[in-house]
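Beneath this line is the structure, given in structure tokens, with notes to follow.
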Amino acid sequence: MSVSSHEDVSPEERDKISHLLGFAGELLVARSDVQMEMKAGLGVFHESNLADLPGLELNCEDGAWLRIARQKESRPSQPPEHVAVFLKQPPLDPYKTPALKSSISIEVPIEEASDLIEMGLLATEDVHVIVEDDVEIDSRVRVTLHAENCPEMRRDFETYVGGPWADWSYKEKPVRRAMAAYNDLFKIHSVIHTSEGAPPELIWGIGIGRWKKGGNTIDMPIMEQSLDIEVENEGAIAIRPRDLSPTLSLKPYIQLDIDGTPKLQRELQENLEQFLRGEVEFSPFTTLWEPLLDTASSNISSSGVHITRAELDEGEKIEPV
């Protein structure tokens with residue numbers, strides 16, 4: 001449309017232009033709000049992070065897609081006392097290997113100090129008198145023991161770390177990961193059910209599209225299903241699909257003006273809706289949707305690769321974005 005001056009435009013045309021500009025403004029806002037990466041403030045849970053966690057069940061018989069039970073942390077057996085006094089901190093973190101202090105200062109009976117000197121574990125200059133209320137104590141002394149002078153203690157420490165502690169750590173790490181996942185999901189449940197405004201939405205993504213192009217990074221699901229989350233009577237957290245149809249979204253690619261993506265979006269959404277018109281129940285635990293993902297991959301980019309579930313199960317590695 002060509003406009004020579006404000007006076008040449010009829011009220012009807014001005015109204016059309018106003019609506020056109022308004023529509024364009026809405027489009028710009030919509031495009032600026034497109035999420036390009038999974039960086040939700042309340043957390044992103046990748047399949048690899050949840051695999052094999054104790055207390056976690058997928059594709060449950062009652063229709064829940066995921067259920068995770070509460071877990072309790074355990075403690076390792078304690079090292080011998082002569083080792084424990086040298087530890088920098090209690091060995092309660094399965095991700096942090098215990099370490100020794102270079103030296104410790106303890107009070108011992110004066111006879112024990114003499115024995116330690118005779119055994120070569122204590123130097124005379126590391127023996128100090130104890131004064132209480134300006135009176136020197138005859139029966140006890142304060143000694144400084146150096147780890148490097150205690151070879152038996154160091155051997156027992158290595159035996160403990162490489163044996164009982166390492167065995168406990170191996171078993172306890174998955175438990176701590178399950179506890180962390182449970183706590184994160186519990187926080188999400190609390191925020192959703194106590195939000196005064198519009199609550200955040202929990203989404204299950206299927207078929208993660210990952211691409212770096214023109215300085216932009218895409219790391220978003222192609223297919224999405226809204227979820228409900230609840231804390232059950234026994235404390236387990238269950239996640240179920242909401243009574244809403246899944247969606248297929250190529251918004252990040254449309255945002256980057258990838259040729260043909262608006263048309264591809266419409267076609268794939270129609271194909272998904274055709275699938276759902278039958279007796280097929282939408283689930284992330286079936287490969288029925290892989291043809292849609294394959295079509296998306298091959299049409300968005302000539303070098304796009306779709307890694308199937310079968311390939312992942314056979315050990316196919318996911319390349320960096």
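Along the sequence shown, the residues carry numbers beginning at 1.
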To the nearest 0.5 Å, tell me how far [X] [atom1] sits from [Y] [atom2].
X	Y	atom1	atom2	value
Leu288	Glu281	CG	CD	11.5 Å
Phe157	Cys150	CZ	SG	13.5 Å
Ser302	Ile300	OG	CD1	12.0 Å
Glu57	Arg67	CD	CZ	6.0 Å
Leu264	Asp259	CG	CG	12.0 Å
Ser303	Trp211	OG	CH2	7.0 Å

In sequence, state the C-alpha distance, the side-chain angles, and the governing distance for Asn216 and Leu256, and then conclude on side chain to side chain contact (heavy atoms under 4.5 Å, CB included).
CA-CA 8 Å; Asn216 297 283; Leu256 297 184; 3.5 Å; yes
Within the supplied structure, the quantity of interest is the number of heavy atoms (other residues, nucleotides, ligands) at a distance under 6.0 Å from [X] [atom1]; does it exceed 12?
X	atom1	value
Phe282	CZ	yes
Glu47	CD	no
Asp62	CG	yes
Arg277	CZ	yes
Asp313	CG	yes

Sub-3.5 Å donor-acceptor pair from the side chain of [X] to the main-chain atoms of [Y], do we have one?
X	Y	value
Arg154	Ala147	yes
Thr308	Glu311	yes
Glu230	Glu232	no
Asp294	Glu290	no
Thr261	Ile258	yes
Tyr253	Gly260	no
Arg177	Asn49	yes
Thr159	Arg155	yes
His193	His189	yes

[X] versus [Y]: any side-chain heavy-atom pair under 4.5 Å?
X	Y	value
Ile208	Ile222	no
Lys96	Gln89	yes
Arg75	Leu92	yes
Pro98	Lys88	no
Met119	Ile117	no
Lys187	Leu42	yes

Nearest non-hydrogen partners of [X] and [Y], listed with the distance:
X	Y	answer
Gly63	Pro241	O-CD, 4.0 Å
Val175	Glu73	CG1-CA, 4.5 Å
Pro79	Val83	CB-CG1, 3.9 Å
Phe86	His82	CD1-O, 3.6 Å
Met38	Pro221	SD-CD, 3.9 Å
Asn149	Leu121	O-CD2, 3.2 Å

Same cluster or not: [X] versus [Y], using hydrophobic residues (I, L, V, M, F, W, Y) connected whenever any side-chain heavy atoms lie under 4.5 Å apart?
X	Y	answer
Val191	Leu227	yes
Leu87	Ile106	yes
Val161	Met153	yes
Ile203	Phe45	no
Leu292	Leu312	no

Which atom pairs, one a donor and one an acceptor, fall under 3.5 Å between side chains of residues 162-173 and the rest of the protein, sequence neighbours left out?
from: Trp165; atom 1: NE1; to: Pro91; atom 2: O; distance (Å): 3.3
from: Trp168; atom 1: NE1; to: Ser74; atom 2: O; distance (Å): 3.4
from: Trp168; atom 1: NE1; to: Ser74; atom 2: OG; distance (Å): 3.1
from: Ser169; atom 1: OG; to: Pro94; atom 2: O; distance (Å): 2.6
from: Glu172; atom 1: OE1; to: Ser74; atom 2: OG; distance (Å): 2.6
from: Glu172; atom 1: OE2; to: Ser74; atom 2: N; distance (Å): 3.0
from: Glu172; atom 1: OE2; to: Arg176; atom 2: NE; distance (Å): 2.8

Below 3.5 Å, can you tabulate the donor-acceptor pairs from side chains in residues 265-276 to any protein atom, sequence neighbours excluded?
from: Gln265; atom 1: OE1; to: Leu250; atom 2: N; distance (Å): 2.6
from: Gln265; atom 1: NE2; to: Leu248; atom 2: O; distance (Å): 2.5
from: Glu267; atom 1: OE2; to: Lys263; atom 2: NZ; distance (Å): 2.3
from: Gln269; atom 1: OE1; to: Leu248; atom 2: N; distance (Å): 3.0
from: Gln269; atom 1: NE2; to: Glu273; atom 2: OE2; distance (Å): 3.4
from: Asn271; atom 1: ND2; to: Glu267; atom 2: O; distance (Å): 3.4

Worked check of side chain to side chain contact (heavy atoms under 4.5 Å, CB included) between Arg70 and Met179
CA-CA 7 Å; Arg70 284 178 175 172; Met179 292 174 62; over 6 Å; no
Short side-chain donor-acceptor distance under 3.5 Å, Glu148 and Ser102:
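The answer is no; no qualifying pair exists.
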Indicate whether the side chain of Thr247 and that of Ser249 have a donor and an acceptor atom separated by less than 3.5 Å.
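The answer is no; no qualifying pair exists.
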Residue pair Asp228, Arg242: steps toward the salt bridge (Lys or Arg N to Asp or Glu O under 4.0 Å) verdict:
CA-CA 6 Å; Asp228 283 325; Arg242 296 181 63 189; 3.8 Å; yes
Working note: Trp204 + Leu66, criterion side chain to side chain contact (heavy atoms under 4.5 Å, CB included); need CA distance, chi angles, decisive distance, verdict.
CA-CA 10 Å; Trp204 192 300; Leu66 180 151; 4.1 Å; yes
Please identify each residue that fulfils salt bridge (charged side-chain N to carboxylate O under 4.0 Å, His left out) with Glu152, with sequence neighbours left out.
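With neighbours one apart ignored, the set is empty.
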Given Trp65 and Leu58, is the side chain to side chain contact (heavy atoms under 4.5 Å, CB included) satisfied, shown in steps?
CA-CA 6 Å; Trp65 282 4; Leu58 296 173; over 6 Å; no
